[in-house]
S.K.: 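Take this structure, written in structure tokens, and hold onto it; I'll ask about it next.
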Amino acid sequence: MKFSTLMDKRERGFLDGQFLIAMPAMNDGNFARSVIYIFAHSSAGAMGFIINRPQQITFTDVLLHLNLMDSNDAIMLPNHTREFPIQCGGPVESGRGFVLHSDDYSSESSIPVSDEISLTATLDIVRAISNGRGPDRATMLLGYAGWGPGQLEEEIVQNGWLNCEANEGMIFDRSLDNKYQRALSLMGIELSALSTTAGHA
């Protein structure tokens with residue numbers, strides 16, 4: 001599912017604004033023990049971001065790669081800017097960057113994906129963050145997860161995923177190591193007790 005194709009169809013499906021939590025039997029290495037925020041779901045398919053996979057590159061690396069800053073200026077960036085989180089958003093278009101952020105920042109290219117969260121995929125937000133004018137809460141994701149029409153629904157029926165209402169705080173939480181377990185706890189499920197039986201909140 002192409003990003004532009006699905007984002008043009010802004011009908012809202014039942015999985016919009018939901019977390020997908022991979023079941024233990026998930027054998028796809030791209031998604032094992034993953035937590036995914038679904039930001040678009042319709043009859044055309046679904047798109048989401050994995051929110052618990054770190055990226056090896058840093059925000060400074062991104063700025064230098066995009067020629068938005070030279071190495072001398074990068075050294076002078078404050079710690080909170082240099083430590084801006086970069087995550088692996090999914091296997092589709094993994095070289096493309098997306099910023100998921102609170103709605104206190106908006107540009108002509110920003111797309112609301114919920115009442116409080118927007119998505120911007122252009123350089124203007126990267127510049128704003130580097131200059132200290134970015135959103136209050138944000139994370140950058142490289143790539144996304146995408147499903148064709150009916151594909152995700154079938155994976156849920158086949159017991160590949162649990163789904164529950166997304167938690168905004170968890171989306172932007174920089175602590176990734178135990179996010180899978182914490183997402184399960186939103187459903188009242190302990191990882192040790194999780195079987196291959198499907199369940200949905």
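For clarity, every value in this text was computed on a predicted model and none was experimentally measured.
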S.K.: Of the non-hydrogen atoms in Y105 and A128, which two are nearest, and what is the gap between them?
M.R.: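 Distance-wise, the nearest heavy atoms are CE1-CB, 3.8 Å.
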S.K.: Give me each pair satisfying side-chain hydrogen bond (donor to acceptor under 3.5 Å, both in side chains) with a member in residues 127-141, each pair once, sequence neighbours excluded.
M.R.: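 Non-adjacent pairs meeting side-chain hydrogen bond (donor to acceptor under 3.5 Å, both in side chains): Q87-T139.
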S.K.: Do you know which two heavy atoms are closest between A74 and R82, and how far apart they sit?
M.R.: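 Distance-wise, the nearest heavy atoms are O-CD, 3.8 Å.
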S.K.: Below 3.5 Å, can you tabulate the donor-acceptor pairs from side chains in residues 53-60 to any protein atom, sequence neighbours excluded?
M.R.:
residue, atom, partner, partner atom, Å
R53, NH1, N30, O, 2.8
R53, NH2, A32, O, 2.4
T58, OG1, T60, N, 3.4
T58, OG1, D61, N, 3.1
T58, OG1, D61, OD2, 3.1

S.K.: Heavy atoms, side chains only, cut-off 4.5 Å: are N163 and I38 in contact?
M.R.: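 No, too far: nothing below the 4.5 Å cut-off.
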S.K.: Taking only residues two or more places apart in sequence, or in another chain, which ones meet E108 in a side-chain hydrogen bond (donor to acceptor under 3.5 Å, both in side chains)?
M.R.: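 Here no residue qualifies.
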S.K.: Check whether any side-chain heavy atom of I156 lies under 4.5 Å from a side-chain heavy atom of E153, and answer yes or no.
M.R.: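 Of all side-chain heavy-atom pairs linking E153 with I156, none is under 4.5 Å.
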S.K.: Would you say L119 ends up clustered with I171 if hydrophobic residues are merged whenever their side chains have heavy atoms under 4.5 Å apart, either directly or through other cluster members?
M.R.: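 Per the 4.5 Å side-chain linkage, I171 and L119 are co-clustered.
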S.K.: Going from CD1 on I125 to NE2 on H101, what distance comes out if it is rounded to the nearest 0.5 angstrom?
M.R.: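 These two atoms lie 4.0 Å from each other.
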S.K.: Taking the side chain as every heavy atom from C-beta outward, state whether V92 and M47 have any atom pair closer than 4.5 Å.
M.R.: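 No; the side chains remain at least 4.5 Å from each other.
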S.K.: Tell me whether T120 contacts the main-chain N or O of T122 through its side chain, where contact means a donor paired with an acceptor under 3.5 Å.
M.R.: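 No; judged by distance alone, with no hydrogens or angles, the pair does not exist.
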S.K.: Do L186 and I117 share a hydrophobic cluster (ILVMFWY, side-chain heavy atoms under 4.5 Å, transitive)?
M.R.: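 Yes, L186 connects to I117 through the hydrophobic network.
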S.K.: Can you tell me how far CD of Q18 sits from CG of L162, rounded to the nearest 0.5 angstrom?
M.R.: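 Rounded to the nearest 0.5 Å, the CG-CD separation comes out at 11.5 Å.
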S.K.: Enter the distance from S114:OG to D103:CG here, rounded to the nearest 0.5 Å.
M.R.: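 Going from OG on S114 over to CG on D103, the span is 7.5 Å.
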S.K.: Compare every heavy atom of A145 with every heavy atom of P91, then report the nearest pair and how far apart it is.
M.R.: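 Scanning both residues completely, I find the closest heavy atoms to be CD-CA, 4.3 Å.
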S.K.: Let me confirm one number: the CZ-CE distance from R33 to M26, rounded to the nearest 0.5 Å.
M.R.: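 It comes to 13.0 Å.
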S.K.: Keeping the roles fixed (side chain from Q151, backbone from G148), state whether a donor-acceptor pair exists under 3.5 Å.
M.R.: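 Pair found, side chain donor or acceptor close to backbone of G148.
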S.K.: Which atom names give the shortest non-hydrogen contact between L142 and G97, and what distance separates them?
M.R.: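 Nearest pair, atom of L142 first, then G97: CD2-CA, 3.7 Å.
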S.K.: side-chain hydrogen bond (donor to acceptor under 3.5 Å, both in side chains): which pairs involve residues 168-177, sequence neighbours left out?
M.R.: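 side-chain hydrogen bond (donor to acceptor under 3.5 Å, both in side chains) check on residues 168-177 returns D173-R182.
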S.K.: Same hydrophobic cluster for W161 and I50, using side-chain heavy-atom links shorter than 4.5 Å among ILVMFWY?
M.R.: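 As far as the 4.5 Å side-chain criterion goes, I50 and W161 are connected within one cluster.
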S.K.: Using the side-chain hydrogen bond (donor to acceptor under 3.5 Å, both in side chains) criterion, which residues pair with S107? Sequence neighbours excluded.
M.R.: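 Expected list: S109, S110, D124.
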S.K.: Between atom CG of L141 and atom CG of L100, what is the distance when rounded to the nearest 0.5 Å?
M.R.: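 Between atom CG of L141 and atom CG of L100 there are 6.5 Å.
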S.K.: Going only through I, L, V, M, F, W and Y residues with side-chain contacts under 4.5 Å, is there a path from V99 to I36?
M.R.: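 No, separate clusters.
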S.K.: Membership question, hydrophobic clusters at under 4.5 Å side-chain separation (ILVMFWY): are M170 and M140 in the same one?
M.R.: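 They do not share one cluster, since no chain of ILVMFWY contacts under 4.5 Å joins M140 to M170.
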S.K.: Is there a side-chain contact between F19 and I51 in this structure, where contact means two heavy atoms from C-beta onward sitting under 4.5 Å apart?
M.R.: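 Result yes, sub-4.5 Å side-chain heavy-atom pair found.
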S.K.: Kindly list each side-chain donor-acceptor pair under 3.5 angstrom involving residues 63-71, sequence neighbours excluded, with atom names and distances?
M.R.:
residue, atom, partner, partner atom, Å
D70, OD1, N72, N, 3.1
D70, OD1, D73, N, 2.8

S.K.: If you compare all heavy atoms of P85 against all heavy atoms of A138, which two are closest, and at what distance to 0.1 Å?
M.R.: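 Where P85 meets A138 most closely, the heavy atoms are CG-O, 3.8 Å.
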S.K.: Name the residue from Y37, F172, F39 that meets the ring pair (Phe, Tyr, Trp, His ring centres under 6.0 Å) definition with F49.
M.R.: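 Exactly one candidate clears the test, F39.
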S.K.: Closest heavy-atom contact between P24 and Y180?
M.R.: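 Where P24 meets Y180 most closely, the heavy atoms are N-OH, 4.3 Å.
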